[in-house]
Every structure is written in C-alpha cells, then in structure tokens.
Amino acid sequence: MLLKMASLVLEDGTTFKGRLFGAVSSVSGEVVFQTGMVGYPEALTDPSYKSQILTLTYPLIGNYGVPKDEDGEFGLSKWFESSKIHAAALIVGELSENPSHWSSAKSLDQWLREQGIPGLEGVDTRSLTKKIREKGTMLGKLVVEGTSANDIPFDNPDTRNLVKEVSMKEPKVFNPEGTVRITAIDCGIKYNQIRCFCQRGAQVTVAPWDYPLDSNDFDGLFISNGPGNPEYCKETVENIQKVVCVENPKPVFGICLGHQLLSLVIGAKTYKMKYGNRGHNQPCIHKGTNRCFITSQNHGFAVDPKTLPEAWDVLFTNANDKTSEGIVHNHKPLFSVQFHPEHMAGPTDLVGLFDVFLDTVKDAKEAFVRPRKVLVLGSGGLSIGQAGEFDYSGSQAIKALKEENIQTVLINPNIATVQTSKGLADKVYFLPITPEYVTQVIKNERPDGVLLTFGGQTALNCGVELTKQGVLEKYKVRVLGTPVTSIEMTEDRKIFVEKMEEINEHVAPSEAAMSAVAAAERLSYPVLVRSAFALGGLGSGFANNREEMITLVTQAFAHTSQVLVDKSLKGWKEIEYEVVRDAYDNCVTVCNMENIDPLGIHTGESIVVAPSQTLNDYEYNMLRNTAIKVIRHLGIVGECNIQYALNPESEQYYIIEVNARLSRSSALASKATGYPLAYVAAKLGLGIPLPMLKNSVTNSTTANFEPSLDYCVVKVPRWDLSKFLRVSTKIGSSMKSVGEVMAIGRSFEEAFQKALRMVDENCELQTPTDKRIFVLAAALHAGYTVDRLYELTKIDHWFLHKMKNITDHEKLLEAYNRDESAMPPEVLRKAKQLGFSDKQIAQAVQSTELAVRKLRRDWKILPAVKQIDTVAAEWPAHTNYLYLTYHGLESDVVFEQPHVVVIGSGVYRIGSSVEFDWCAVGCIMELRKMGYKTIMVNYNPETVSTDYDMCDRLYFDEISFEVVMDIYEMENPEGIILSMGGQLPNNIAMSLHRQQCRILGTSPEFIDSAENRFKFSRMLDTIGISQPRWKELSDIESAVGFCETVGYPCLVRPSYVLSGAAMNVAYSDSDMEKYLSNAVAVSKEHPVVISKFIQEAKEIDVDAVACDGVVIAIAVSEHVENAGVHSGDATLVTPPQDINQKTMERIKMIVYAIGQELQVTGPFNLQLIAKDDQLKVIECNVRVSRSFPFVSKTLGVDLVALATGVILGKEVEAVGLMKGIGIVGVKVPQFSFSRLAGADVVLGVEMTSTGEVACFGENRYEAYLKAMLSTGFKIPKKNILLTIGTYKVMAYFTAIQTLESLGYNLYASLGTADFYTEHGVMAVDWPFEEESDCPSKDKQRNIMDYLEENHFDLVVNLSMRNSGGRRLSSFVTKGYRTRRMAIDYSVPLITDIKCTKLFLAKAGCRCDYALFVGASSDNATVLPSIASSTAGLKMYLNDTYSTLKMDNVSLWMEVRKQQGIQQIQQYFIK
C-alpha cells in the first residue's frame, strides 16, 4: 500500500512532516498535547477534545489496538467515553501496525479510518510539545500532501459554542431503579461519570446543556466536563443559578468544565491557560489535610481563586503550577473539581469524591427541606409510666419549632397540660391519639413533618402504626428526628439483639418468645418476663419457677403480641446514659445516672443518683463509648437513653435497652443538668447541626458539649398505693409510681434527705416495697451492719455507708434531747449539711421547729443559693436555675429586685397532677405579662414550671415552711401566691402567715376556715347554707351515736387533705371504728368530721374567681356518676346539660354567699350535691382545683389569668356565669389499674385516677365517646359481658335491647342472665365457685376462660354498692375478681351505671349522612336532575385536592335560570 504523506502546519508557520494514517482528509483545530502513556481510545472519545488536534507525547501508540464497541452495564459502552471520536486529528511518534491484546478487535489505523479522522505519525512529538509549552496553545492544520495549505483555513474553536455541538438533544435516564435522583447536565459528559453514579445506586437523568432545571426533579445536581470556553454556556449558567443561589440548595458537584461553570454561577472569573493541563499525573494538594493526590486532567481554562466570593474556599490546588483545582462552599453542599476523578483514563485516587457527593445528597435528602407545618403527637391522659414529663418535653418541642418559625399542630386530649394552652401550639386538637383520628387531622391540616418522640409510648406506637398503614407516605408527612426504622429496631427486642451483635455488643441473654416457658427453661430460672412495645415495664415480672412463669406469660400476652424472656441479672448495678446525636453524626452523652436499687426494679421505681457515684473512670468511659457506638449504629437523631446492667464484681456489662424517644429519665436529666434535652432534640429533628445550637444556660458556649455538675442530684419516686384496695405493695420490674421528685445538694446525704421529704411520706427488706427506704433507716438505727444490709438488698456499700452517716448523726442529735442549746453549733451545722430539716432536728432533740430555726439563725447557720450552670462555674452563666445548700460560703446571686413568689404543686400524685402545673405556669405567664419579676418554687422534674425559661428565678427546692421561709427572708419578695399549686402550698399557709409573710390573695385565716372541716361546717350553719348533717369527732362512742341518729351510711372526712385521702363511707359500727383510726392518723393536727352520706344524688363542681369576696366568674360542671365518686375520678360535663335555670340561680347564690363569707381574693372551688330539688354543700377549697384547666379551655375564659390579675389588685371585668362557646366538653379520668396488681377497680370518695383527658363535641355523647377512646378504651366489635346484678336489671332493660339490636353478642353472669335469657343473652358461669356448688361445671364455659381468650370486647360490671364505699373485709367478691381479670387481660371495663347509660346512648345513635354534589365545568346540565335529593351543592373555585375545579361560574348561572332556584337547595362556595 502506498504511503501517503501529510504535514502539521502551526499558525506561526512551523511545519512538522509525517506519514498519514486513518482517514484521508485535511482538518484544522487547536493543537494540544497530552502526557498520558496509556488510554488513547478513551482520550479520543472524550468530548472535551472536540475540534482539537491531539498530540500524544508518549511515542509508541496503538500497541494494544482498539476493542470492539460493546455495551457494558447500564447500557453504556464498555471501552469508550462517548459514541464517537471527538478529536479533529491525532499526532503520534510511532503507530503500531500489529497490535497485540486479547480485547483488540482492530488497529488504531482502521478505527480512525472508519470514524473519518486523520492521524499523522513519525512526528517529533517532543519538539512539538516544547514549542507549545513555550509559546502556548496554537491553532494548527493537518494538510494532506497534494492539498494547498491556503485552501484550509485555521479554525479557532474558542469562537464557537462547542458544548452545544457535543451535548445530547433529549434527556435520557440511566439506572431507573436507583434510590437517589441525580440530574447530570451534559456539557460533553464522559460515560464513566454516568457509570460512577449508577454503580453507587443512583438514578441518573442526563439532560441537554440548556435544559431548564427544577430542584424538585432531583436530589443532587451534577455538571459534567466538556470542551471550549465556559463563557459560551450562558443558558447553562442561568439555569444553574436558579437552583444554586437559594437559601437551601440541593447538593451540587461539578467536574472540569462543570467546575468552571459553577464558578461563573457564583460570580468568580475564569481565564484561558497558556497550554492547559492534559495528562494522567497532575499532583493536587487538598487544602486542610495537605495530602497530595495524583489526578487525570484535560482542560485549557481555569478559575481565578482570588475572585471567589465570601463563604467559598479553595478545595484543591495544583502542586506544580499552583492553579485552583477545586472549590467548596463553607456550609452549603456545593463543590467542584478541575480534574477528572472518574479517571478513564488515568489514576483512580479520588474516585471517592462520587461517594462524598452521594453521601451529601443522601444526608441532604434525609436532612431536607425545613417543614412548614409540623404535627406534634402528645401523650394523652397521664398514667403510671407516662406522666407529666411528656407535657414538659412536648412544650419544649413546640417552643423550639416556633423559634424556627414553623407552624405547629398538636394532638393531645389531655386538657390539663400546658402544651394544650393558648399561645403555645398554633392549633390544638383534643382528640384521641389513635391512628384513625390522627389520620383525619393529617388529612385536614396537611402537615409536612411529624414528631413522634415527644409523646411517650402512646405517640410512638401510633406513629409506627401510621407508618405501617402507609398514611405518612400517602400524605407526604416526614418523620422528623429518629426514623421509624430506628424506632422499630429499639422496640422489637429480637431485631435489637441482632443489631447489637453486629457491633459486637451484648444484650442480657434473652429470647423473644412465642413459647415462653421453653425459653425460660433454656435460660434457667430465675428469669425476667417482659412484653415488647410496652411502656414502664407493663406486663413484666420475675419468675422463679414454672408456675409463676405461666401466670406471668398469660397476662403479658394480653398486652402484647411478643414476650421476652431474659436471664435474671437481679443484684447487678443499673446505669443509664442520656445521649444526643444530630443528623451529621455529632454525638454527646449529656448525663449519666446510677440507680441506688440494683437491677430488678424498674428504673422509674428506683431511687436514682446523677452523676453516677460508684463507677471509676474506666467503667464510666467504657459505658459512654458504648452508648455513642450503639446510638450511631441505630441511626438515632435527637435524644435517647440507654440502660446497662453492670456486674458489681467485674467490668462485665449488658445493654438492657435503648429508648429512641424522650423518656422519664430525659426529663430528669434535663432538670438535673440544665441541658434542655427536648428542646435540643426538636431542633436536631429539623436538621440543625448540634454545634450550631447554643448552650441556652451560658448563652456563650455551644450545645455540643457534655455538662459538668458541681452538685449531686437524687430522684425518688412517689407511690400512692395506699389509695387502692388490695393492691400489692411490692415494687419490681413493672412501674407503679405516679410521680417523682428531684433534690439537689452538694453532698449525697443532703440531696437524699431532701428528696425523701419531698416525696412526703411521713417518715421486709429482701422484697422491695414502696416504704423500703424507711425500713432501711430503721434497720441502720437498730444496729444492722452495712455488710448485712448489702447481703439483703444488694444496694452498693457506698450508698449504705452514706445512709449510715445520716442515722449515726441522728443518734448524736438525740443525745441533746434535754436542752438543744447545749448542742455545739458544729453538730447543728453538720446536721444541716447532712440534709436534716429543722423539723427533723426538733424531733430528735424534742423541741419545736421554730425553736431550732431561731437557734440556727442566731448561730448564722444559713443556706447559700447556688446556680446550676451546666459548666461547673468554668464559664460565667446567666442562669436563673437555683437551689439551696448548707455546703456554701456565699450565694451565686444577688437579691436586689423584688419578685413575686409562686409556689408550685410539688410531686405528682393521685389528686395533684399536671392540672396544678398548668395553673402555676399560667400564673407566672400572666405575672410576666403584667411586668412583675417572678420566682417559682417547685421540685418536680416532670413539670413545665421547673423549666428554667418560664420564670425569672427558679428555686428547685422543697415546698416546706422552712425552705419557703428561707427564700422569703433572702429575696424579700412583694408577696407569695399559694393558691396556684394545689393542696401542698395551702398546707403551709398558716405557718407562713404566723411569721408575717405577705401572702397574696385570700387571707390564710380564711383558707383555714375552708380547709378545717369543723370551722367550715360551723360557718355554713352560721350563714344558713344547707349541708349534710355533721358532727366533729371527739370520741368513738359519740361518733357511733351520731351515726345511729342520722342512719348509715356516713362519711368520715379529715381536714387539709387532697384527693380525699383517708375519706371513707362507713356502713356499720365496725367500719366506722376502723376508718376513724385511719383518718386521725392522716390529719393529726386538724379535726375529723363525720357527716351523713347521701346516696343516689347528683354532684356539681363549681370553679370560681372572686375579688375581696365579690365573685367575678363562675364555671359550673356536672358529674355523670352519682355523688360518692371523688370529683377527680368522676366524668365531668361542662357547660352542664341537666341543670335547670332555677337550680343554676341557687348555685350562684350559694357561691356568692360563701365567696363573701370567706373574703376570697383569687380562685376557689365548691362541691355541691343535688337531690330531690335540694342543694347541699360538701366542701370548699380556696385554691385552684383539678377542673380549672378543663373549664378554662372548654368555656373560653382563662380563670387562672383572671385570678392572677385579681390577686395583684388589677381591675378586671366581671365575667359572671360562663356559658361557653357552643361546644360541650367531657372530661374522663385516666386510670392505671393495669399496673397496680390486685387493686380493685371500684370508684369511691377517695381518688384513684392518675390523669385525665377531655374532648369536645356538639353534644356530650360525641365528646364522651372521643374522651373514652383517648383513655385507651376500644369500641366493642362483637361480644359484651354484662354482670349487673338483679336489682338494677329494669333500669337497663332498654339499653340492653339497644345493644342487641345493634348485633352484639351479649353474655351475662348467672344472676343477670336469669332475667335476660329470654332476650337472647347467653349465660356464662362464674369460675370462682367450688366444685361441689356447681354440678353443671362441665356444661358452661366460665367467664375466666372467655377472658383468657380475649373473647369479650367490653365488660360492664356494676358493683353491689356503687356508692362511694369500700369493702373492708378480706372477702373477695365475684365482682372484684371479674373486674380485676378484665383489667389484667386488657379488656375495656365500665363500672358505673350512669356512665354505662351515657355510653349506650351513644352506641345507639344513628349516623347522619347526606348527599352532596360537586360542581365542575362540565356537569352543569346533569346534576340538576338529582338536585331534589341532595343536601347541597359544592363549588370549588380554587385548587382543591380533588379534580373538582370550576373555571367559570357563568355556566351554572345559565342552568340555574332554566331549572329554577328551588331545586338546588344550598350553594357552598369554598
């Protein structure tokens, strides 16, 4: 074959001669050189070489031939970088004629010929390269021999838009199954860039260079390489600007030309380089790490780093010519590089940048767009295990969202909470937290985010259910913070164990079992049984043998579908850590806590100390590091807590569980450290990085820190087991406490003693009970050794020694019992430092509290006020979070400005719960509005009132005469408000008054007249207001005599008590004697009164506000149940539905008379009973009551704000009788019987509910049903059991017929069934008779079998004596057994006759429905024909979620004229 010659002519006239190969044609372009030693097929197909004459500096080219063009993965060419050769011509030293390689299909010469591209070989490429290096890139032309050079003009590619020439014309999708959506702008994209994304699981849409961009179409934007001058791509730059120059741009990554385009987008400048960088060995230095990477490059333009705007920085710099090789934004996800990390050809050192980009995209996708509207799920009624801490955490979350200007919608039927008050959330729905109701709210409100972790287990379970049902996905609601998958990992024990094994951590040996007994035998007894997805250890307990095991498991399966059997680690230490993690993997442990009680007692039942006292550095950090490792592995965002069992004899530990939500401990940790966990967790849920949040206590340091404490915190639970009949007082792995207190001191003893007093128990070792700590004290006093006690209790020696210090000092004090002034001052000071109160010291030395107080003040033994600042005084803190201690020389605060003191409610217990916290918070907020400085005194970590930003100063300390007096003397306030905190503040009113404290509001003398039963009853007689006949107790005989005169039943009532403590109805002389001894014990210093108990009467509650005795607002509520059920346990309705006008007037008259007589200023509450048209007063409390939040929110007048104004002498307008705003509210109690083993479910005059919920409706039936559902009640589907007793049968007859007509299967106990059998009611047997009594045993299945199988959906059980009384005898009735079993097997239960009627009234209601028609542009002629049977026509004139859009009303106007107006009854224009 004849060799053809050709020449390369440069624009300066230099000519290089050589042999022609490839296509025979003359071309011109820009001459560039590339220094790579391999990769010619890739280089030639790289679109960046468009219109360039490419010189390869390596002399031997074509050695491995050219492979066959075949498709590889994702439909991309396996060997080439685009579909054709883009270079204009190829210049080489020597071309290989006989290529050798397994993949070779043709020679380079052949390939160029096919593609129509000329090549020139035999050129001195080194000389050519040096020339370009010295003079810069030049234009050149390859002229075939025989063609005149003048006929071929020099073509300058820099004058054309080359990108337009190489870019595709239509978008194309690669890897459509990918999970992350990347849009790649094709400026001349190389196939390997697409491949790098697809291999990493992305779906790539390659779009033309001028394609309009919409950030909704992608999760990340990629800008490819390409040829030519970037300034020609104006359309591309403008399109990119629209999606990048915004507040929260989606992530962007640019390569080569993409890097230059991003620089132009942000306003930087580009310039043409002398000869560019083209090769495979360019060294680039990464700014920050100074690491140098070898990169592949191909470009002739560069970015001027000096022109980068603020907030942008150089990412890489070329180590040789110092040009910029990459830029990055300081905090937005935007970066680009000048080199080719996708190689092909060249080194793969930085291909990891694709991973960096995709990780950023995934994070941003999860991190997100800020939601506009967020739904917060509350926790519903307070129950054991789920109390006021969720009011605190929910309120914090709403505050955090409001700061970020996000709209909040709250669902919480608990009307007593602060979070449901006006001014916090933008909208509040008082509805049950069930998937059905939440779905309706989501439909209605269309939020784009939801918080599940701020409402306890109720909210969490509801959220998990909504996710499973696909509701959240359907309405595009994103779960903020911890993803649901992580929540399920922590909730489902089996998955949790597997996840822990993945990171080599160990969970206590346990099995998630469907057959629990076999599992127990594998693990060997003793074992712990727990139910999954349950709160506060519900359905858990220890089993020592097979029998106990079977009993436990049967009950556990009633609450859950999965039971866990764990090897018992009783006696190990229990340690907890609170951990915070953000979406960017910043992770800190905020607080660690140690339980004084060893493992085996639920952490909510245990006394807890923070920080831990008996761990050394290695153990502390070992558990801290494990906590962080676990939380990262589970992917939790926000706050969670992790619990460990630690072997006291070694460093062995097990993880017990992780709670992926805010828990009881997190409220405690927040208050113990001053670190607002809930607030921070809500902010992290919005994707804000932890380091960007401020420590809200110091206001100068970051929230990404671990608080250091310079004090000790002790938490003690509060039980109210004495309120329940036959309840087991053992405490263990299932929670029974109803509240908790937290005490702060600078020694363990100081904090510990404070806490025990706060729990307010007027002060069996192997079995922990609720009185256990007092037994310990007695044992130490009696001379037990620490070692002996350790053997019995397994409480760490350190704690026992500390307790011994207390009892030893008590013995020392007792030595001075003849004359306290003989006691050395040091002994008294030591007693105060060990946490003794003046009262305790007075008891020990047989003196009085006031005498000890005087002595202490004379000796200058005074408390110091210390701050909680989270940083142990290392930084100056502006905190108002204070406590008192005797371990201090000086106070941290100065007392200059006068404040108003508000006393909080203290520990939550039955009868004093979140309602009183609502009142205290409302009072503080109103005071601040009025311009007063406020002081709050409270010690309950679960409350909103102890949130440090609610008031100007928060004293986290005891509510006792001694402490309040100390604070009063230091602060010298304008006065003290006692009426907002429930019973506790009222109890110290007289003591404070006697010391001349300024008490704001009603005078303590009058408070005493109302609280003291004798004075109150005498006062009513004086002003001629009727009351049940009464007598003050002097001795048993006269009491019994009184009862015989008026006739039993009679009511025993002590003074100064809350929630009816020790109140009882006596039906006989023996009852009377027993009850009187109880009542005297409760109310030692105050009288006990006996009165006639009126049966079958209606009870009425009145909440009122007065000013100097003149009543200015009255709210009336009626009880559904008959009198005799404590008002805290009763179902309340307001505005009242059954009270006539005449009665209403008499109620008002009584309220006015009592208000006047007691000279009330502020809130008060009255209880009346109505029977046979007579009204009698039962009692009066001169303070807020439990129903204040309920009536304020239902009737639309904030009584607390009103009362606060009155107390401080502000002129307020009289409201009079509150009529409401057209809705009916029903408040229903929330009981926690399922946690109280053995407690009888009968309601009486002493309160047993732990919380309440309220819902609204157009009538009381609707409101009652919603409220019942909110307490966990389920509407029966099929089978109902009636055990009513024959005497009430007639009253029920119609209701029973209603139920039957609704298709329910009715079952009744034998007594009830006799009457009903002819009406299709099935009889079932009592299981409790002895064999001999019941020969027909085998014929009928008994109630117990049915309950065990969950056969009944509802049990109606009316106790024989439904009138406030309690059975005293140990005789266990059938009714009690049925009620108890219903509770233990989670079957809804109704025990009151009136409630049953209210419920059944609703059951028979019909559902109203009607036909509405929707107008659209094309159905105007059709609809009028059916108009007569419709209730209305809907016209949608704006966009709706449906297709019913109407563009023009005139179409309808025509039809209306023709059809006549009468047919279309109503127009609804939306």
Side-chain angles (χ1 to χ4, degrees), residues 6-8 10 14 16-22 29-46 48-49 52-67 79-81 85-104 106-112 115 117-138 140 142 190 192 256 273-284 293-300 318-321 339-340 342-349:
S7 314
L8 174 66
L10 300 182
T14 317
F16 292 86
K17 279 207 159 76
R19 295 180 292 281
L20 186 68
F21 67 99
E30 183 179 38
V31 183
V32 296
F33 65 85
Q34 198 247 60
T35 59
M37 294 180 285
V38 284
Y40 53 85
E42 291 87 349
L44 285 166
T45 51
D46 179 349
S48 296
Y49 285 116
Q52 290 180 332
I53 296 173
L54 174 60
T55 306
L56 298 179
T57 58
Y58 184 67
L60 310 171
I61 301 297
N63 304 6
Y64 53 86
V66 176
W79 305 102
F80 303 129
E81 285 305 281
I85 298 179
H86 288 278
L90 178 65
I91 314 290
V92 297
E94 177 190 309
L95 174 72
S96 169
E97 287 177 13
N98 302 302
S100 161
H101 192 268
W102 62 265
S103 69
S104 171
K106 56 185 84 160
S107 69
L108 181 55
D109 177 28
Q110 261 175 301
W111 186 45
L112 287 181
Q115 296 268 333
I117 305 292
L120 192 62
E121 65 159 331
V123 173
D124 181 351
T125 49
R126 183 174 172 82
S127 156
L128 175 56
T129 302
K130 276 165 76 177
K131 188 157 194 70
I132 296 173
R133 187 187 76 203
E134 281 153 19
K135 296 232 174 145
T137 322
M138 283 190 257
L142 189 152
K190 288 170 63 184
N192 205 38
C256 194
M273 299 167 77
K274 188 175 177 186
Y275 52 83
N277 287 330
R278 297 180 179 85
H280 300 168
N281 61 351
Q282 294 286 338
C284 292
F293 298 91
I294 303 302
T295 65
S296 172
Q297 303 201 3
N298 170 16
H299 63 99
N318 192 303
N320 294 334
D321 64 12
F339 49 83
H340 281 267
E342 85 288 352
H343 55 88
M344 285 290 247
T348 61
D349 295 26

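Small disclaimer: the values here were computed from a predicted structure and weren't measured. Position 1 is the first residue of the sequence, and the numbers go up from there.
Between the side chain of Thr295 and the backbone N or O of Gln282 there is at least one donor-acceptor pair closer than 3.5 Å. Checking side-chain atoms of Gln297 against main-chain N and O of Arg278 turns up no donor-acceptor pair under 3.5 Å. Put simply, the side chain of Lys135 never gets that close to the backbone of Lys130: no donor and acceptor are under 3.5 Å apart. With hydrogens and angles ignored, the 3.5 Å screen pairs a side-chain donor or acceptor of Glu121 with a backbone N or O of Leu95. Between the side chain of Asn192 and the main chain of Met344, no donor-acceptor pair closer than 3.5 Å is present.
Every residue meeting the ring pair (Phe, Tyr, Trp, His ring centres under 6.0 Å) condition with Tyr64, not counting sequence neighbours, appears here in chain and number order: Tyr40. For Glu30, the salt bridge (charged side-chain N to carboxylate O under 4.0 Å, His left out) partners at least two apart in sequence or on another chain are Lys272. Residues forming a salt bridge (charged side-chain N to carboxylate O under 4.0 Å, His left out) with Arg126 (at least two apart in sequence, or on another chain): none. For Ser103, the side chain to side chain donor-acceptor pair (under 3.5 Å) partners two or more places apart in sequence, or in a different chain, are His101. Residues meeting the side chain to side chain donor-acceptor pair (under 3.5 Å) test with Thr45, sequence neighbours left out: none. Taking Lys17 as the reference, nothing meets the salt bridge (charged side-chain N to carboxylate O under 4.0 Å, His left out) condition, with sequence neighbours excluded. Residues passing the side-chain contact (heavy atoms from CB on, under 4.5 Å) test with Ser96, sequence neighbours excluded: Asn63. Partners of Tyr49 by ring pair (Phe, Tyr, Trp, His ring centres under 6.0 Å), not counting sequence neighbours: none found. In this structure His280 satisfies the side-chain contact (heavy atoms from CB on, under 4.5 Å) test together with Gln34, Ser296, Ala345, Pro347, sequence neighbours excluded. Listed by chain and residue number, Val66, Gln110, Trp111, Glu114 satisfy the side-chain contact (heavy atoms from CB on, under 4.5 Å) test with Lys106 (two or more places apart in sequence, or in another chain). The side chain to side chain donor-acceptor pair (under 3.5 Å) check on Asn277 picks up Asp321, with sequence neighbours excluded. Considering only residues two or more places apart in sequence or on other chains, Thr55 meets the side-chain contact (heavy atoms from CB on, under 4.5 Å) condition with Val31, Phe33, Ile91, Thr125, Leu128.
Atom CE of Met273 sits in a crowded spot, with more than 12 heavy atoms from other residues, nucleotides or ligands closer than 6.0 Å. The environment of CD in Glu134 is crowded: more than 12 heavy-atom neighbours from other residues, nucleotides or ligands sit within 6.0 Å.
Counting only heavy atoms from C-beta outward, the side chains of Val92 and Val123 never approach each other to under 4.5 Å. You'll find the side chain of Leu44 reaches within 4.5 Å of the side chain of Leu90, heavy atoms only. Looking only at side-chain heavy atoms (C-beta outward), His340 and Cys256 come within less than 4.5 Å of each other. Side chains of Leu56 and Thr35 form no contact here, defined as non-hydrogen atoms less than 4.5 Å apart. A heavy-atom distance below 4.5 Å is not found between the side chains of Asn298 and Phe339. Counting heavy atoms from C-beta outward, Glu81 and His86 have side chains that stay 4.5 Å or more apart.
For the pair Asn318 and Asn320, the tightest heavy-atom approach, listed with the atom from each and the gap, is OD1-N, 2.8 Å. Closest non-hydrogen pair, Ile117 versus Ala89, comes out as CG2-CA, 4.0 Å. The two residues Glu97 and Pro99 have their closest heavy-atom pair at O-CD, 3.3 Å. Listed here is the closest heavy atom pair of Pro118 and Ala88: CD-O, 3.5 Å. Across all non-hydrogen atoms, the minimal contact from Ala87 to Leu54 is CB-CB, 4.4 Å.
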- Run the numbers on Arg133 and Tyr275 for side chain to side chain contact (heavy atoms under 4.5 Å, CB included), then give the verdict. CA-CA 6 Å; Arg133 187 187 76 203; Tyr275 52 83; 3.9 Å; yes
- Task: Carefully, step by step, assess Leu120 and Phe16 under the rule side chain to side chain contact (heavy atoms under 4.5 Å, CB included).
- Result: CA-CA 10 Å; Leu120 192 62; Phe16 292 86; 5.5 Å; no
- Message: Evaluate Val32 against Ile132 for side chain to side chain contact (heavy atoms under 4.5 Å, CB included), listing each step before the verdict.
- Response: CA-CA 8 Å; Val32 296; Ile132 296 173; over 6 Å; no
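To the nearest 0.5 Å, atom CD1 of residue Ile53 and atom CE of residue Met138 are 12.0 Å apart. Leu10 contributes atom CG, which lies 7.0 Å from atom NZ of Lys131 (distance to the nearest 0.5 angstrom).
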